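This one's a predicted model, so the numbers in the text were calculated from it and none came from an experiment. Below, all heavy atoms of this structure are taken into account, side chains as well, without hydrogens, waters or symmetry copies.
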Amino acid sequence: MSVKYSDMIHLETSNVSCYMRVINGKPEIIVNFTDIETRRRFTIAHELGHVFLHWSWLPDKYLSEGLVEVSYRNGKYTEEELKREREADKFAAEFLAPKKEVERSLKKYMEEGILDKEIQMKLLAEEYKVSNPMAYRLWYENRFGD
Ligand SMILES: [Zn+2]
C-alpha cells in the first residue's frame, strides 16, 4: 500500500480530497496536498477504512487493477454509499484517536488540574493531530457516549 500527494490539477474538478486506485495489485491512496494536515490525516485514515472494510484487503491479497474510489469534498452520496462513508469515518476516528486512548488522555488532563472543557479539546486536537471539530466530537463522545 502506498500514499501519494497531488494537487489534483490533472482532474476535471479540484473538489476531490482523495482518490484510490490499484497499482500492481496493491492499493494506492492519492491525497490532495492542498488540504490542511489534519484533514489529510483524516482522509488517509478514512481511505484505509474503505480498503480494509469494503475492499477486504489484506497485505497478501492481490486486487484487480484500476479500482477507484473517489472522495469529493462535498460529495453527494446514495443511501448505500453514505453507510460506507460513515463506516469509513468511524474507522478513521478510531484509527487516529482510539476511544481508550482519548479516555486516558482526558483522565490525565483532569489529574493535571486541567478542568476547562475548551482547553481539554484543544489538547486533544494537538495530541491526536485532529481538527478542532473532531476534537470536539471526541470530547463529547467520551463524556456522553455516541
Ligand atoms: Zn469514503
Side-chain angles (χ1 to χ4, degrees), residues 1-106 108-109 114 116-146:
M1 161 135 34
S2 61
V3 176
K4 289 182 175 165
Y5 294 89
S6 167
D7 55 12
M8 304 290 178
I9 53 166
H10 61 293
L11 302 177
E12 284 171 26
T13 168
S14 60
N15 196 29
V16 171
S17 58
C18 181
Y19 65 92
M20 279 198 290
R21 60 185 175 193
V22 175
I23 302 287
N24 298 323
K26 293 198 168 20
E28 188 174 89
I29 301 174
I30 296 97
V31 187
N32 193 327
F33 73 59
T34 66
D35 282 339
I36 59 168
E37 191 196 0
T38 51
R39 171 79 213 185
R40 293 196 312 260
R41 287 168 56 83
F42 189 86
T43 298
I44 294 166
H46 172 101
E47 298 305 329
L48 283 179
H50 283 309
V51 166
F52 291 120
L53 300 173
H54 305 135
W55 296 11
S56 306
W57 186 77
L58 292 170
D60 61 351
K61 189 175 167 192
Y62 196 89
L63 295 165
S64 48
E65 298 293 305
L67 188 54
V68 170
E69 179 114 17
V70 183
S71 289
Y72 295 97
R73 281 175 175 152
N74 302 302
K76 287 192 175 68
Y77 298 104
T78 65
E79 196 78 12
E80 180 59 30
E81 288 165 344
L82 207 57
K83 188 175 157 270
R84 284 157 44 97
E85 287 311 293
R86 285 203 206 96
E87 287 169 355
D89 279 347
K90 216 169 168 191
F91 176 96
E94 184 65 20
F95 183 79
L96 294 173
K99 270 197 175 79
K100 281 215 165 86
E101 293 295 313
V102 170
E103 195 181 318
R104 191 190 49 75
S105 296
L106 286 168
K108 187 186 74 195
Y109 305 156
I114 303 162
D116 186 275
K117 183 173 91 178
E118 301 294 326
I119 296 174
Q120 288 182 355
M121 288 175 185
K122 203 173 158 284
L123 288 171
L124 282 180
E126 284 168 12
E127 190 171 343
Y128 295 94
K129 294 189 170 68
V130 296
S131 66
N132 290 331
M134 183 165 163
Y136 196 83
R137 230 172 15 249
L138 291 172
W139 192 93
Y140 273 98
E141 279 172 10
N142 180 270
R143 189 72 176 267
F144 303 111
D146 52 355

Does [X] reach the main-chain N or O of [Y] with its side chain, forming a donor-acceptor pair under 3.5 Å?
X      : Y      : answer
Trp57  : Lys61  : yes
Glu65  : Asn24  : yes
Asp35  : Arg40  : no
Glu103 : Asn142 : no
Glu94  : Lys99  : yes

### Message
Applying side chain to side chain contact (heavy atoms under 4.5 Å, CB included) to Met1 and Leu48, what does each step give before you reach the verdict?
### Response
CA-CA 10 Å; Met1 161 135 34; Leu48 283 179; 3.5 Å; yes
### Task
Hey, can you tell me if His50 and His46 have their rings parallel, tilted or perpendicular (30° and 60° cut-offs)?
perpendicular
Could you measure the distance from the [atom1] atom of [X] to the [atom2] atom of [Y]? Nearest 0.5 Å is fine.
X      : Y      : atom1 : atom2 : value
Lys4   : Ile29  : NZ    : CD1   : 12.0 Å
Tyr109 : Leu124 : OH    : CG    : 4.5 Å
Lys108 : Glu101 : NZ    : CD    : 9.5 Å
Asn32  : Ser71  : CG    : OG    : 11.0 Å
Ser2   : Ile23  : OG    : CD1   : 8.0 Å
Glu81  : Arg84  : CD    : CZ    : 7.5 Å

### Glu87 and His54: side chain donor to acceptor below 3.5 Å
yes
How about [X] and [Y]: do any of their side-chain heavy atoms sit closer than 4.5 Å?
X      : Y      : answer
Lys129 : Leu96  : no
Ser105 : Leu123 : no
Thr38  : Arg41  : no
Ile30  : Tyr19  : yes
Arg86  : Lys90  : no

Taking all non-hydrogen atoms of both residues, which atom of [X] and which atom of [Y] are closest, and how far apart?
X      : Y      : result
Val51  : Met20  : CG2-SD, 3.4 Å
Leu63  : Val22  : O-CG1, 3.6 Å
Ala45  : Phe91  : O-CD2, 3.5 Å
Ala125 : Asn132 : CB-OD1, 3.7 Å
Phe42  : Ala93  : CE1-N, 4.1 Å
Phe95  : Pro98  : O-CD, 4.2 Å

### Query
Do NZ/NE/NH1/NH2 and the carboxylate oxygens of Lys122 and Glu118 come within less than 4.0 Å?
no
### Message
Counting only heavy atoms not in Tyr77 (residues, nucleotides, ligands), do more than 12 fall under 6.0 Å from its OH?
### Response
yes
